[in-house]
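Working notes, beginning with the structure itself.
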Amino acid sequence: MACVSASVAHSQRELLTFPLAPAIRAKLSSAGFLTVADLNNVKPSQLSKEAGIALEDALEVVKIISGEGKTPMPSQSALELLEQEQNLPSIVTFCAKLDGVLGGGVTLRQVTEICGAPGVGKTQMCIQLAVDASIPEELGGAGGEAVYIDTEGSFIVERVADIAMATADHCHRMAASADDVDIGNYTMETILAGIHYFRCHDHIELLATIHLLTTFVQKHPKVRVIVVDSIAFPFRHNFDDLSMRTRLLTSMAQSCIQLATNFDLAVSVCAWEMMMMTIMMMILTSMAQSCIQLATNFDLAVVLTNQMTTRFTLGSNGSQLMPALGESWGHACTVRLILFWENSQRHAMLYKSPSHRETTVLYQITTGGIRDVISRKTCSDHEPQEADGTESAVTKRPRLA
Amino acid sequence: MAAKRLQRLDISDELKERLARQGLTTCAVLQDVLAKSPLELMKLSGRSGLTVHDLVHRCCLSQAVKPVTALHLLKSRERGGTFFATSLPDLDKVLHGGIPTATMTEIAGPAGCGKTQFSMTLSVLATLPVEDGGLGGGVVYIDTEGAFSAKRLLEIAQTRLPQQFQDDSSLKELASQVHIVSVQSCKNLMNRLQSIEEDLIQKKIKLMVLDSVASLVRKEYSNVQGGMMRRTDFLASEAALLKYIAETFSIPVIVTNQITTRYGQRAPVSSPHTPDDGDGSVEVDGEGSYLTAALGNTWSHSVNTRLILQYLAGDRRQILVAKSPVAPFTCFDFIITKKGVEQDVQGQGHYKGTDPGKQAIQGRAGLSVGSTQW
């Protein structure tokens, strides 16, 4: 490709490529305005006369053309990127092994997906991360606030208070052992005051809220993590609307073929479900793009949770659990973590990451939140805990009689 | 929850008309707008990118959710009424006070284990005044199996609180506060739930029970022709509606569920108090199959809390906390008496939990042939 300077390239750009109204575009091209250079120094009144369009429309055209004429972003060297990345704090999970696997914790400027079976701890992980975003910078944390978007309704604030209390205690203990660290005003209350909770009931509310997060984050620049729990929920139900149904069924069949190949759908799935998947994928893609933009533009971490769905596989007897939302969604997130059960223990597997390889670690959920599993015996055939409930103090357990 | 119509948005009439001609005035219109790419919207509205961007922005503003800080939530909940005590003391302790309001709690278990008894006990408790541990309001009991017995309800009330229910008038008042809704089909159920707000407000309902969510869907959706996918869709929208009702009215919603047999696999972990083979699996029902909560994996995600009732050796029964945002895997023995469901003094403890959709449930032991006189 020939190397042209940015401004020359811009003036050669065809007007057709700008987001102008179709009718206006047609009038401009029939009046002979084909590239940006043709509109140089043309005043809106002139344009309006020559192209036969209203004054307001002419003004809009001029605004759009000049608005898009910014010089392109300079490229960054890998060294600059490295320095940037190293200076960014991570959001820890408090399970040291898991943080190690993630490279220090959940990284800022990235979208991380956590998928898992029900009851494995996705919501607990989300709450832990939302609380950990506030860990003071003096202790290596992000020292910021969190946005928690809840679509499941499992955000029980009393539990958040427990985890916040445990985190604050832990931090105070760490600060006490270091000399010059003062985090006096880091309490459960200040942590909770920095968690902004949005409850979305369906995919429209979720989509609208994510769209508007840019404005919210601009007004609350201390936000360091955005958690969405979960992104799968609003899409699992039907989009039953008769008029939309008819409208969609009359649209192209091409997307059906595309879907069949993307989703490995069997032929017997009816057309309606396929159409629904198109809409679903469009909405998901739009949300994924918003999330990526938020993460990179505002230097924050976006964490999404996903459900597992049962995929009935022919050949192997039974079914497999796979992350929900299909294969195409798998491309949307930078980092993918899968939480699963095995031998009655919770495992976390790093499934997709640009910089770390696939590893599986154990974790557990305690009254204070997510923690490492402390292995007592190295080689033992029996589970470490007794059937009558005498476990070590680290496991999540209130004082029972 | 219904999406706003384009009509009510603050955009020019001409634009509204243009969009209406393209068919964008229906209830799901904002979804239509938000689901389309900017290019498509430009084609539909005949406007430029700037206007379209503004239109999308206004749609989002009208639909977006207002945030509240977690601290604010905590303070508003401290005023009470956030947990509904079940009267099983250790269960309440572990659940941070009881069944959380504004969420959906599921009670799953084999037939005859006590799900309906538990629901009826909770119904009685809900009508009690707040000072006595109740919710001080009415109950909507959606009955799909015809299992509700008014007589039993009154017996529970009278035996549990003889002072309060000494005379007939107090019993009558209790009976008048529990509203039974009988539904026979899934569609019927959804319609009823959509229109239930009036009842909830007028009758000051503080608890909703759906007994059971499984019976209707298992009748109507079978495993043929993508029926399972439709069943999952139906359950997901039902869950969304129930949770919406729970949250809007800050009431607990309790649903009961049945059990199903999983074939070809061993149970992931042994239940407490049952002998296991040493490798953690149990043969419950024959060759490598075991019982679990019905309705599948997606439904397990949808419920906020899952309590499983199961049988133990002999006549004993047990309640397991299988999924909870606040409680660990704990189990408690219970018995069914005239007072309803009561906790047994022995048998509290922890158990090795697992995926609540796969947790093995012990069914009732059959009658052993040969030792009984026929």
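Chain naming here is simple, since letters A, B, ... match the order of the sequence lines and numbering starts at 1 in each. Basis for what follows: all heavy atoms, side chains included, without hydrogens, waters or symmetry-related copies.
Applying the side-chain hydrogen bond (donor to acceptor under 3.5 Å, both in side chains) test to Ser134(A) and every residue at least two apart in sequence or in another chain returns Tyr186(A). The ring pair (Phe, Tyr, Trp, His ring centres under 6.0 Å) search around Phe198(A) returns Phe216(A), not counting sequence neighbours.
Interface remark: Leu20(A) contributes backbone atoms only to the contact with chain B (heavy atom separation under 4.5 Å). At a 4.5 Å heavy-atom cutoff, the contact between Ala161(A) and chain B is made by side-chain atoms alone.
Note on ring orientation: taking the six-membered ring where Trp is involved, the planes of His96(B) and Phe83(B) are parallel (angle under 30°, cut-offs 30° and 60°).
With respect to chain A, the highest number of heavy-atom pairs below 4.5 Å among Ser300(B), Ala102(B), Pro100(B) belongs to Ser300(B). Most heavy-atom pairs under 4.5 Å with chain B, from the set Val61(A), Val160(A), Asp162(A), Thr123(A): that is Asp162(A). Per-residue heavy-atom pair counts under 4.5 Å with chain B were compared for Leu192(A), Ile149(A), Thr209(A), Ile210(A), and the maximum is reached by Leu192(A). Of the listed residues (Leu235(B), Thr305(B), Thr103(B), Val65(B)), the greatest number of heavy-atom pairs within a distance under 4.5 Å of chain A belongs to Val65(B). Note on Glu342(A), Glu60(A), Met188(A), Arg25(A): by heavy-atom pairs under 4.5 Å with chain B, the leading option is Glu60(A).
Under the 6.0 Å cut-off for aromatic ring centres, Phe340(A) and His347(A) qualify, their centroids lying closer than that.
Shortest non-hydrogen contact noted between Pro356(B) and Gly119(A) is CD-CA, 3.8 Å.
Here the side chain of Asn304(B) pairs a donor or acceptor atom with the backbone of Met104(B) at under 3.5 angstrom.
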